Amino acid sequence: MNYTHFVSVAALVTNDDNEILLIKSPRRGWEYPGGMVEPGETFEEALLREIKEESGIDVEIIGFIGICKNIEKDVVNIDFACRAIGGKPTTSDESSEVRWVKQEDALSMITFPLTRKRLENMLSGCTQANVFSFKREPFMIVADNRYPVGKR
């Protein structure tokens, strides 16, 4: 059997005012920054690169949030928490707008179902790792679990 999975990384990026970094994607509307892990990259390298490319913001990773898998397309998405440490909001080919928004406003801006579900997990307080599997068309959660972070 031939196994092929694609892996993406994304982050809930916050600033000193506890605002969330959102980018406006030409395909999905408002979302958090992230993208595909390229061959030879670590998850962390890919995350830092994607955030900088899409938003102009430099970050440090401060936590792990969760993981989800599209069971129809074999795409695995890994979500982290990050804190902004530099840079300034800058658009790119992948972002027509870049904006800091209040946490309470972020969910109302996101309309893509998977992006919204992942942001809900990101905003849940990060005391547990969120692990879920889904089908994309139509969007449907097929498994949804929470696991303690760092406990044995």
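Keep in mind the model is a prediction, meaning the values are calculated, not measured.
Applying the side-chain hydrogen bond (donor to acceptor under 3.5 Å, both in side chains) rule to pairs touching residues 101-111 yields Asn18-Gln103, sequence neighbours excluded. Pairs of residues two or more places apart, or lying in two chains, never qualify as salt bridge (Lys or Arg N to Asp or Glu O under 4.0 Å) while including a residue from residues 86-96.
Contact of the Val75 side chain with the His5 side chain is not registered, since no non-hydrogen atoms from C-beta on lie closer than 4.5 Å. Contact of the Lys24 side chain with the Val98 side chain is not registered, since no non-hydrogen atoms from C-beta on lie closer than 4.5 Å. The shortest distance between side-chain heavy atoms of Arg99 and Met109 falls below 4.5 Å. No side-chain heavy atom of Trp30 sits less than 4.5 Å from a side-chain heavy atom of Thr115. Using a 4.5 Å cut-off on side-chain heavy atoms (C-beta onward), Phe80 and Leu47 make contact. Taking the side chain as every heavy atom from C-beta outward, Ile23 and Glu31 approach each other to under 4.5 Å. Between Asp79 and Asn121, the closest side-chain pair of non-hydrogen atoms is not below 4.5 Å. Side chains of Thr14 and Leu21 form no contact here, defined as non-hydrogen atoms less than 4.5 Å apart.
With sequence neighbours excluded, no residue forms a salt bridge (Lys or Arg N to Asp or Glu O under 4.0 Å) with Lys73. For Glu54, there are no salt bridge (Lys or Arg N to Asp or Glu O under 4.0 Å) partners two or more places apart in sequence or in a different chain. The side chain to side chain contact (heavy atoms under 4.5 Å, CB included) search around Glu41 returns Val37, Glu38, Glu45, Ala46, Arg49, not counting sequence neighbours.
Shortest non-hydrogen contact noted between Ser96 and Thr91 is O-CG2, 3.4 Å. Arg118 and Cys68 get closest at one heavy-atom pair: CD-SG, 3.8 Å.
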Discussion item. Apply side chain to side chain contact (heavy atoms under 4.5 Å, CB included) to residues Cys82 and Ile51 and explain how you reach the verdict.
Written reply: CA-CA 10 Å; Cys82 292; Ile51 293 169; 4.2 Å; yes

Fill in: Test log, rule side chain to side chain contact (heavy atoms under 4.5 Å, CB included), inputs Ile20 and Tyr32
CA-CA 8 Å; Ile20 296 171; Tyr32 34 80; 5.8 Å; no

Worksheet item: Hey, mind stepping through Leu114 and Phe139 against side chain to side chain contact (heavy atoms under 4.5 Å, CB included) and telling me if it holds?
Response: CA-CA 7 Å; Leu114 173 61; Phe139 182 73; 3.7 Å; yes

Practice prompt. Report the C-alpha distance between Trp100 and Asn15 in whole Å, list the side-chain angles of each, state the deciding distance to 0.1 Å, and finish with yes or no for side chain to side chain contact (heavy atoms under 4.5 Å, CB included).
Written response: CA-CA 8 Å; Trp100 290 105; Asn15 64 14; 3.3 Å; yes

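The pair Glu60-Arg83 meets the salt-bridge criterion, with a side-chain N (NZ, NE, NH1 or NH2) lying under 4.0 Å from an Asp/Glu carboxylate O.
Placement of Leu12 and Leu107 within a single hydrophobic cluster is found when ILVMFWY residues are connected by side-chain heavy-atom separations under 4.5 Å, directly or transitively. Hydrophobic cluster membership differs between Met36 and Val7, with clusters built from Ile, Leu, Val, Met, Phe, Trp and Tyr side chains linked at under 4.5 angstrom. Under the 4.5 Å side-chain contact rule for hydrophobic residues, Ile71 and Met140 share a cluster.
The 12-atom threshold is not exceeded at CZ of Phe43, counting heavy atoms of other residues, nucleotides or ligands nearer than 6.0 Å.
With hydrogens and angles ignored, the 3.5 Å screen pairs a side-chain donor or acceptor of Asn70 with a backbone N or O of Glu72. For the pair Ser25 (side chain) and Arg27 (backbone), a donor-acceptor distance under 3.5 Å is present.
Taking NZ of Lys117 as the reference point, atom CD1 of Ile110 lies at 13.5 Å (rounded to 0.5 Å).
Think of Ile62 as one node in a network of Ile, Leu, Val, Met, Phe, Trp and Tyr side chains linked at under 4.5 Å; it has no links at all.
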